[in-house]
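The block underneath contains the structure these notes are about, expressed in structure tokens.
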Amino acid sequence: MKNDNNSAGKPPFSYPVKVGNISSNAVTVKVSADDRERKDLAEIWQVLEVKSLQAEVYLSRWKKDGVRVKGRVEAEIVQACVLTLEPVESRINEDFEQIFVPEGSKLSRVVAKDAAEMVLDPDGPDLPEEFAGDTIDIGEAITEFAALAIDPYPRKQGVEFSDHIESTADAKSDRPNPFAALKDWKKD
């Protein structure tokens with residue numbers, strides 16, 4: 001996710017890691033967003049406020065040239081209720097895992113044996129993400145997984161949309177049924 005308002009093209013929450021420094025033994029990294037980063041994230045996520053964003057990430061080598069990023073992202077955000085527009089506080093607490101491979105790596109594609117089609121399992125792991133150069137940005141990955149966990153329709157607790165009628169089966173109406181005239185229309 002890129003911040004369109006940032007002329008340098010830098011993501012709002014960035015934590016670059018040199019791939020050459022990652023070994024096969026998992027390394028733990030703890031990161032958190034500062035005030036400016038949280039403000040930029042709130043703008044991109046279209047929420048009222050990002051109160052906190054932090055993650056604990058385990059980095060390790062995957063296969064020969066790849067990197068496995070696994071961890072948990074936690075965030076506190078404030079959104080506008082879809083019914084009242086009042087502030088609603090939400091918590092994000094998500095596990096995530098992402099594999100990164102060098103650009104052009106054969107490991108980034110899963111191809112069927114005799115067909116040139118991509119094979120995707122909706123319940124399976126995501127395809128590896130490609131990276132250019134010798135650096136991956138785990139801050140950007142954390143941001144994407146947090147964004148996917150945001151409730152798209154936040155509602156203030158106890159608020160219901162009462163003007164909506166699901167069924168009129170039990171409701172009595174003074175209006176005549178438009179199909180009542182067809183009730184006795186059967187031919188013998």
Minimum side-chain heavy-atom gap Ile136-Val69 below 4.5 Å
yes
Looking at side-chain heavy atoms only, is the closest gap between Phe131 and Pro102 below 4.5 Å?
yes
Answer yes when Glu56 and Arg72 have at least one side-chain N-carboxylate O distance shorter than 4.0 Å, and no when they do not.
no
Look up atom OG1 in Thr143 and atom CG in Leu41, then write down how far apart they are to the nearest 0.5 Å.
5.0 Å
Nearest 0.5 angstrom please: Phe13 CZ to Ser32 OG, how far?
6.5 Å
Under a 4.5 Å side-chain heavy-atom rule over Ile, Leu, Val, Met, Phe, Trp and Tyr, are Val31 and Leu59 clustered together?
yes
Heavy atoms, side chains only, cut-off 4.5 Å: are Ile99 and Val67 in contact?
no
Atom pair CZ (Arg91) and CD1 (Ile77), whose distance is rounded to the nearest 0.5 Å:
11.0 Å
Looking at residues at least two apart in the chain, or sitting in another chain, which of them share a salt bridge (charged side-chain N to carboxylate O under 4.0 Å, His left out) with Glu86?
Lys156
Out of curiosity, does Val88 fall in the hydrophobic cluster containing Val47 (side-chain heavy atoms, cut-off under 4.5 Å, transitive links)?
no
Checking Glu94 now: which residues fulfil side-chain hydrogen bond (donor to acceptor under 3.5 Å, both in side chains) with it, not counting sequence neighbours?
none
What ring pair (Phe, Tyr, Trp, His ring centres under 6.0 Å) pairs are there with at least one residue in residues 58-88, not counting sequence neighbours?
none
Taking all heavy atoms of Ala141 and all of Phe100, pick out the closest pair and write down the distance.
CB-CZ, 4.0 Å
Side chain proximity check, Ile22 to Val27, heavy atoms < 4.5 angstrom:
no
Can you see which heavy atom on Ala132 is nearest to which on Glu103, and at what distance?
CB-OE1, 3.7 Å
Residues two or more places apart in sequence or in another chain: which of them pass side-chain hydrogen bond (donor to acceptor under 3.5 Å, both in side chains) with Arg61?
none
Provide the closest heavy-atom pair for Ala26 versus Ser60 in the form atom of the first, atom of the second, distance.
CA-CB, 3.9 Å
For Ser14, give me all partners under side-chain hydrogen bond (donor to acceptor under 3.5 Å, both in side chains), at least two apart in sequence or on another chain.
Asp137
Decide yes or no on side-chain contact (heavy atoms from CB on, under 4.5 Å) for Val19 and Thr135, but give the supporting numbers first.
CA-CA 5 Å; Val19 174; Thr135 305; 5.8 Å; no
Tracing side-chain contacts under 4.5 Å among Ile, Leu, Val, Met, Phe, Trp and Tyr outward from Val78 reaches Leu48
Report yes if some heavy atom in the side chain of Val29 is under 4.5 Å from a heavy atom in the side chain of Ile138; otherwise report no.
yes
To the nearest 0.5 Å, how far apart are CD1 in Ile142 and CD in Gln98?
12.0 Å
On a heavy-atom basis, which atom in Ala80 and which in Pro154 lie closest, and how many Å separate them?
O-CG, 3.4 Å
Test item: Gln79 and Asp151 side chains (from C-beta on) under 4.5 Å apart, heavy atoms:
yes
Salt bridge (charged side-chain N to carboxylate O under 4.0 Å, His left out) pairs, two or more places apart, involving residues 62-71
Arg68-Glu97
For Asp34, give me all partners under salt bridge (charged side-chain N to carboxylate O under 4.0 Å, His left out), at least two apart in sequence or on another chain.
none
What residues, two or more places apart in sequence or in another chain, satisfy salt bridge (charged side-chain N to carboxylate O under 4.0 Å, His left out) together with Glu89?
Lys51
Counterpart residues, side-chain contact (heavy atoms from CB on, under 4.5 Å), relative to Ala146 (two or more places apart)
Trp45, Leu53, Val73
Salt bridge (charged side-chain N to carboxylate O under 4.0 Å, His left out) for Arg36 and Asp40? Distances and angles first, verdict last.
CA-CA 6 Å; Arg36 181 199 55 80; Asp40 289 348; 3.0 Å; yes
So, using ring-ring contact (aromatic ring centres under 6.0 Å, His included) as the criterion, who are the partners of Phe96 when residues are at least two apart?
Phe145
Check: Glu140 and Pro11 side chains under 4.5 Å, non-hydrogen atoms
yes
Mind checking what makes salt bridge (charged side-chain N to carboxylate O under 4.0 Å, His left out) contact with Lys18, not counting sequence neighbours?
Asp134
Keeping Arg38 on the side-chain end and Ala33 on the backbone end, is there a donor-acceptor pair under 3.5 Å?
yes
